[in-house]
Amino acid sequence: MVLDGEDESSLFALYEADANLSDDNDDDNSELASINRESMDEFPTEFMSKKIGFTRCDSLGASAFNLLNLEDKVKYFDCELSPILDRRRTLKLRKYARMSLCAAAASDFLQQPKFKRCNSLKGTSIHSIVDSTAFSCVLSFLNEGELIHAASLVCTTWADAAAEALGTLMRVSVGCDPSLNDKIAEDDCSSDGADENDFVDVQTNVSPRHSSVAKSMERDWPYLMARFPWAKFLSDGSFKRVYKVWNNHCGAYEAISVMDVDAIADLGNLNLVGTELAVSVLLSSVARRNICPNFVVTRGVFTCQHEPPAPLWGCKDNSAPCGATYDGRNTQTSGAPKPDQCGNYQYIRMELCQHGDIEEFIKKQPEKMLAPGDCRNILFQMAFALHVAGDRFGLKHYDVKLLNFFLQSARDPTITDKEHPHVVLRYGVGSHIFRLRMHATSAHIAKLADYGTSVTRTDTDGQPVTIGQFTTLENTPPDFLILGNAAEQGYGHDCFGLGLCMLHLFTGHGPYEEILDEVVCPANLKGKLRKIWKQKSHNVIRSVIFDNDENGTEIEDETLYDTLYRFLVLFGIPEKQFDMKKHGKVWRALNSTLLPPSGPRSRKCPDIDVFNRDRKKFSLADGTDKRIAAARQRLLEMDGAMELLLLLVSFDPKTRATPLDVINSEFMGKLIEDENAFYCEEDIVKSYTAYLTN
């Protein structure tokens with residue numbers, strides 16, 4: 001069929017208000033414009049003429065998506081028109097193409113009688129299409145480019161569904177059958193003793209349909225060498241290595257994370273990796289759509305039989321064998337590895353955050369500290385990221401720390417340092433707009449990353465904690481250590497982690513455990529805790545701290561003893577000791593070893609003197625350590641800062657401040673925009689107002 005002007009106008013009735021298709025919303029901050037501008041690196045969309053020819057075929061994939069021509073090339077129907085000058089017209093034509101896509105999908109999914117097939121679809125609700133079982137099935141047949149650059153552009157509802165489908169595709173790409181995800185997650189929560197080989201077999205039982213989609217993501221050695229002619233090793237972790245690369249196709253630097261899928265499967269962690277990939281694309285979708293910029297954007301995923309060549313891509317000992325920067329030459333000249341050197345490697349393309357993680361960024365600053373105003377701006381962005389992730393996807397990260405937040409420049413790279421204006425980030429939350437006006441030298445966007453420990457299943461909230469929630473042991477919430485098996489899963493872990501991040505921002509130098517490195521749990525308290533943590537009521541902690549070496553001898557990790565004691569030194573023993581009657585074993589151990597005896601005949605424990613000495617130096621309330629004292633002064637000079645920090649690090653998870661509490665706190669009140677807000681005409685303003693209610 002061919003759409004004339006009347007047909008085009010009638011199709012507007014198919015969309016909700018959040019589709020942003022009206023003439024008045026064609027600005028740079030609109031959701032659709034943001035997607036077109038930020039994500040068209042691999043799959044540019046053709047410019048289209050006003051008259052769109054559309055031929056009905058037997059399937060949606062053969063008709064509607066062919067209209068959007070996702071080939072890696074750009075054509076113009078009218079060579080006399082400049083793409084830059086004709087940008088507004090181009091965006092409108094793309095919208096008409098998406099409307100045709102929606103019309104085709106509606107006619108396929110609504111199953112109207114054949115004699116009514118050609119009737120007008122005016123008034124059809126988009127939810128009727130998206131909620132149909134056929135819709136999710138259709139999306140499962142689309143590849144990565146079609147999901148990101150076609151289906152997600154129809155409207156907000158389609159974008160959400162496309163993000164879910166892309167998450168499923170990510171799981172499939174590493175060999176996880178998405179139909180088994182819930183079962184595996186339940187098994188993870190209910191048992192830590194499952195047979196490892198059985199676990200791997202279950203994960204890799206992928207259906208033929210999903211296998212064919214995953215097959216389309218495979219790339220060969222020539223692709224790897226030609227597409228990424230330069231690379232530099234950045235870091236490595238338990239399951240992956242991260243590189244800075246030059247993408248020849250995009251003409252820009254980006255980051256690539258590489259995982260050895262076979263090695264991960266051998267360790268029984270394949271589903272964890274699949275979850276991390278799925279969560280990353282979900283959060284990337286809200287960043288790409290201008291809802292929340294505070295997530296690292298995943299740009300693409302592919303698999304390859306070959307791992308990155310260390311002589312060309314670098315390693316720990318030689319991070320940049322081809323030079324510190326790309327000089328325009330194709331330096332990748334190595335031949336393909338031998339067949340016996342092949343494996344199964346997952347390559348994840350991500351935006352490059354130039355300043356790295358926040359912890360390392362702070363260490364590079366003068367005196368290893370940030371300005372108080374910068375601390376507030378970064379904390380706001382961190383809280384907003386956690387709020388959006390929890391609100392949209394029920395996400396619990398379970399490893400919130402500055403190492404997992406990265407800094408991206410918010411500056412315009414085409415403007416010189418001397419001439420660059422201020423950058424303003426505007427966040428709409430509830431009835432307020434929060435305005436972060438930053439000097440060019442401190443214009444940074446904080447981005448959450450590393451979702452390997454995260455959970456999006458809401459049915460685990462309130463369930464007993466498992467070993468999976470013990471991630472960075474130094475950041476384990478005190479309620480886990482006090483309650484043991486009675487501690488509950490939920491958002492409290494992330495809130496406490498956010499509190500430790502706030503403390504780290506204001507102390508500078510390093511995380512609290514580095515500042516309190518000399519502080520260790522005294523002997524008597526450690527003995528009582530060891531006795532309690534070996535009991536059945538705390539066996540989840542026992543499984544964390546006790547393990548067997550290669551000879552079968554039990555070994556003990558003492559990190560959690562020092563962690564609990566350091567929290568007590570920093571923040572003091574709470575006056576209100578929650579759940580004392582039902583779960584008071586640890587509380588009684590703390591009171592009997594660290595507090596003065598209540599009776600005249602009671603003997604004083606020698607741990608009291610150690611505790612008082614450590615508190616005198618490192619207590620946040622009155623400690624003499626220079627780093628602690630400086631942080632205390634900085635916190636007290638800002639209205640509501642100390643009160644907010646103490647709420648975040650509350651030992652009781654039920655009284656702990658949430659990310660939304662942080663946003664609406666007195667401490668953030670200075671960021672609220674009012675009628676007296678000052679703007680320069682040259683300011684670069686970026687707005688994120690999806691959560692604005694007025």
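Numbers here are sequence positions counted from 1.
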**Q.** Test: Glu360 and Lys364 ion pair at under 4.0 Å
**A.** no

Q. Just checking, any donor-acceptor pair under 3.5 angstrom between side chains of Lys576 and Thr655?
A. no

Q) Between Trp533 and Tyr561, what is the ring plane arrangement, given parallel below 30°, perpendicular above 60°, and tilted in between? A) parallel

Q. Distance-only, no hydrogens or angles: does the Glu359 side chain make a donor-acceptor pair with backbone N or O of Lys401 under 3.5 Å?
A. no

Q | Lys528-Thr593 side chain donor-acceptor pair, cut-off 3.5 Å | A | no

Q: Can you see which heavy atom on Gly492 is nearest to which on Arg656, and at what distance?
A: O-NH1, 2.9 Å

Q: Show the numbers, then the answer: is there a side chain to side chain donor-acceptor pair (under 3.5 Å) between Thr559 and Asp557?
A: CA-CA 6 Å; Thr559 303; Asp557 184 341; 2.6 Å; yes

Q: Would you sort out whether Phe480 and Phe496 count as a side-chain contact (heavy atoms from CB on, under 4.5 Å), showing the intermediate values?
A: CA-CA 11 Å; Phe480 282 25; Phe496 188 81; over 6 Å; no

Q: Give the minimum heavy-atom separation between Ser619 and Arg632, together with the two atoms involved.
A: O-NH1, 3.6 Å

Q) Can Phe651 and Phe578 be said to form a ring pair (Phe, Tyr, Trp, His ring centres under 6.0 Å), step by step? A) CA-CA 8 Å; Phe651 279 35; Phe578 61 96; 7.7 Å; no

Q | Chi angles and distances behind the ring pair (Phe, Tyr, Trp, His ring centres under 6.0 Å) call for Tyr512, Phe571 | A | CA-CA 12 Å; Tyr512 84 92; Phe571 308 120; 8.0 Å; no

Q. If you take all heavy atoms of Asp607 and Ala523, which pair is closest and at what distance?
A. OD1-N, 4.1 Å

Q) Aromatic rings Phe380 and Phe384: how do their planes relate, parallel, tilted or perpendicular, breaks at 30° and 60°? A) parallel

Q) Mind checking whether Tyr691 and Tyr427 have ring centres under 6.0 Å apart? A) no

(Q) Can you tell whether the side chains of Arg542 and Glu554 come within less than 4.0 Å, N to carboxylate O? (A) yes

**Q.** Atom CG of Asn548 with >12 non-hydrogen neighbours under 6.0 angstrom
**A.** yes

Q. Is it the case that more than 12 heavy atoms not belonging to Glu367 sit under 6.0 Å from its CD atom?
A. no

Q) Salt-bridged, Lys526 to Glu556, with N to O below 4.0 Å? A) no

Q) Looking only at heavy atoms, what is the nearest atom pair of His538 and Leu481, with distance? A) CD2-O, 4.1 Å

Q: I would like to know whether Lys396 and Asp461 meet side-chain contact (heavy atoms from CB on, under 4.5 Å); could you show each step before the answer?
A: CA-CA 9 Å; Lys396 280 76 64 177; Asp461 295 351; 2.8 Å; yes

Q | Asp625/Arg627 ion pair, N-O < 4.0 Å | A | yes

Q. Which atom pair, heavy atoms only, marks the closest approach of Pro659 to Cys495?
A. CD-SG, 3.7 Å

Q. Where does the angle between the aromatic ring planes of Phe361 and His355 fall among parallel (under 30°), tilted (30 to 60°) and perpendicular (over 60°)?
A. perpendicular

Q) Quick check: are there more than 12 heavy atoms from other residues, nucleotides or ligands sitting under 6.0 Å from NZ of Lys368? A) no

Q | Shortest non-hydrogen separation from Cys375 to Leu370 and the atoms involved | A | SG-CB, 3.9 Å

